[in-house]
Every structure is written in structure tokens, then in C-alpha cells.
Amino acid sequence: MALHFRRGTAADVPALIPMVVAQYALHAAWDAAKFAPRPDFEKGYARWLAARATDPRSVLFVAEVETDAPAPAVLAGFIVATTETEIPVYLTRDYGFLHELFVQPDYRNEGAARQLVTLTVEAFRDLGVTQVRCEAAWLNGPARGLFQRCGFREVAITLIHGA
Ligand SMILES: CC(C)(COP(=O)(O)OP(=O)(O)OC[C@H]1O[C@@H](n2cnc3c(N)ncnc32)[C@H](O)[C@@H]1OP(=O)(O)O)[C@@H](O)C(=O)NCCC(=O)NCCS
């Protein structure tokens with residue numbers, strides 16, 4: 001089914017939260033010490049995500065399933081990113097940081113994530129932010145494959161000792 005890519009709004013947030021929950025569960029299964037969220041994280045996350053929709057230095061895109069049916073929108077995926085600032089020892093100051101990227105299983109392998117990442121990189125460029133970063137779990141082969149195909153390079157690994 002065809003997808004329409006557009007900026008996300010606060011009204012999209014309730015449909016996005018189940019994807020956020022799935023995303024965190026997937027990562028927590030890989031390493032709970034690094035990725036497990038607090039049991040009550042959903043409400044706070046929903047507030048944070050709604051604020052991203054109107055923050056001029058944040059980027060929120062959704063992939064909406066094209067349908068003739070009236071609302072509500074059916075969302076196949078989303079991406080959310082913020083502008084972050086490095087401490088002043090680095091040449092690079094501002095950079096875009098991808099916090100979440102999720103495509104519903106039924107819509108994978110059709111280029112949705114690539115389109116969401118491309119739109120986000122372009123949106124940051126329009127903000128004057130020319131570097132975009134993200135973190136991918138070591139065990140997340142699909143994400144690492146995707147980001148490499150989108151032109152990202154792997155530059156660091158996170159090492160954790162203890163719980
Ligand atoms: C990772 C994820 C976002 C990919 O979404 P998608 O819409 O299926 O990806 P796309 O169809 O846009 O694929 C784009 C590129 O990524 C690569 N890719 C996608 N899935 C892959 C996989 N399982 N293994 C290796 N590469 C993969 C593809 O090869 C494709 O490149 P190509 O078109 O040049 O062949 C999706 O699997 C997902 O939501 N996973 C769960 C959440 C997650 O891990 N998010 C990332 C957190 S950092």
C-alpha cells in the first residue's frame with residue numbers, strides 16, 4: 001500500500017506510542033541495562049514527542065498509509081530527531097540526533113525508513129545543521145544496514161561494564 005510522508009503533529013502521538021513501546025521492548029531484550037525504559041515512561045514520552053512536533057529545532061516525520069477512508073490516519077512508521085549541541089572543545093557544534101525510527105512490520109523492506117531518514121537529513125540541512133548522528137544497537141543488523149545504506153558511517157562503539 002502506498003505511503004504518504006509528512007510532518008508529524010501532536011495529534012499523531014497516540015498512534016505513535018505503540019511503536020515507541022515496541023521499539024523500547026526490542027532494545028531492552030538486547031540489553032536491559034542500556035535500553036530498558038522506566039515502567040511509566042509512556043506518558044512522559046508522549047509529552048516529549050508532542051513537543052517535538054512544534055519545536056523548530058526538532059524533526060518529526062510520519063509515514064501515513066494512503067487510503068480513501070476518512071480519519072483516523074493509519075501510520076506505518078515515524079522518525080523523531082532533535083538538534084543537539086556539542087561541548088565547546090569540538091569543531092562541530094550543532095548536530096541532528098535521531099532518537100527513534102520505527103516502521104511497522106507490515107510495511108518494512110519497501111523503502112519507508114530510507115525515505116524518513118532522507119527527509120530528516122534534508123530538514124536538518126534546511127535548519128543549517130549539516131551533520132546528523134544516531135545510535136544503533138550492536139545487535140540491530142537491520143538498523144545498521146539501513147544507516148550504512150543511507151550514507152552514515154560507524155564511528156564509535158558503546159562499552160558497558162556492569163548492570
Ligand atoms: C530498521 C527499520 C527501521 C528498517 O525499516 P525499512 O522500512 O524496512 O527499511 P527500508 O525498506 O527503507 O530499507 C532501506 C535500506 O536499509 C537496508 N535494510 C533494511 N532492512 C534491513 C535488514 N533487515 N538487514 C540489512 N539491511 C536492511 C535495506 O537494504 C535498504 O537498502 P537498499 O534499499 O539499498 O537495499 C525497521 O526494520 C524497523 O523499524 N526495525 C525496528 C526498529 C528499529 O530497529 N529502529 C532503528 C533503531 S536505531
Side-chain angles (χ1 to χ4, degrees), residues 1-9 12-39 41-42 44-46 48-53 55 57-67 72-84 86 92 94-125 127 129-160:
M1 205 171 284
L3 298 179
H4 166 63
F5 296 86
R6 62 168 172 80
R7 291 281 186 163
T9 69
D12 293 318
V13 169
L16 298 178
I17 292 302
M19 297 189 224
V20 173
V21 170
Q23 167 91 317
Y24 276 76
L26 177 69
H27 284 73
W30 282 321
D31 194 311
K34 167 78 170 104
F35 297 115
R38 290 175 6 180
F41 85 108
E42 289 170 44
Y45 196 101
W48 177 83
L49 195 51
R52 300 287 66 75
D55 174 7
R57 303 281 285 168
S58 294
V59 178
L60 174 62
F61 280 105
V62 298
E64 182 175 352
V65 179
E66 283 189 345
T67 165
V74 176
L75 300 183
F78 82 108
I79 191 166
V80 61
T82 55
T83 304
E84 302 293 325
E86 272 285 13
T92 295
D94 289 352
Y95 61 94
F97 186 78
L98 308 185
H99 291 272
E100 239 73 69
L101 166 64
F102 191 90
V103 175
Q104 302 268 31
D106 284 352
Y107 300 95
R108 288 181 189 167
N109 302 310
E110 290 171 19
R114 177 194 285 277
Q115 183 66 12
L116 289 165
V117 171
T118 301
L119 287 168
T120 300
V121 169
E122 288 171 359
F124 276 119
R125 199 178 303 140
L127 290 172
V129 177
T130 55
Q131 185 182 116
V132 180
R133 302 179 186 177
C134 68
E135 289 182 352
W138 184 256
L139 294 175
N140 195 347
R144 293 176 66 182
L146 162 77
F147 287 119
Q148 284 185 354
R149 300 293 277 182
C150 290
F152 287 68
R153 56 188 184 276
E154 296 187 344
V155 297
I157 59 168
T158 300
L159 303 165
I160 294 184

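Atoms within each ligand, like the ligands themselves, are counted from 1 in listed order. Counting from 1, the numbers follow the sequence of the chain as shown. Quick caveat, the model's predicted, so the values are computed rather than measured.
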Other residues, nucleotides, ligands: >12 heavy atoms within 6.0 Å of Trp138 CH2: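 Counting other residues, nucleotides and ligands, CH2 of Trp138 stays at 12 neighbours or fewer.
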Close-range residues for ligand 1, whose non-hydrogen atoms fall below the 4.0 Å threshold: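 Only Gln23, Leu26, Leu101, Phe102, Val103, Arg108, Asn109, Glu110, Gly111, Ala112, Ala113, Arg114, Glu135, Asn140, Pro142, Ala143, Gly145, Leu146, Phe147, Arg149 have heavy atoms that fall under 4.0 Å of ligand 1, ordered by chain and number.
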Arg7/Asp12 salt bridge by N-O under 4.0 Å criterion: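 Answer for the salt bridge query: no.
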Under-4.0 Å salt bridge between Lys34 and Glu135: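 Salt bridge flag = yes for Glu135 with Lys34.
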For the student: nearest non-hydrogen atoms of Val129 and Asp94, plus distance: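 So the two residues come closest at CG1-O, 4.0 Å.
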Flag, side chain of Arg108 to backbone of Val103, donor-acceptor distance under 3.5 Å: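 Confirmed, Arg108 side chain pairs with Val103 backbone.
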Polar side chain donor-acceptor pair, Glu84 to Thr82, under 3.5 angstrom: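 Side-chain D/A pair, Glu84 to Thr82: present.
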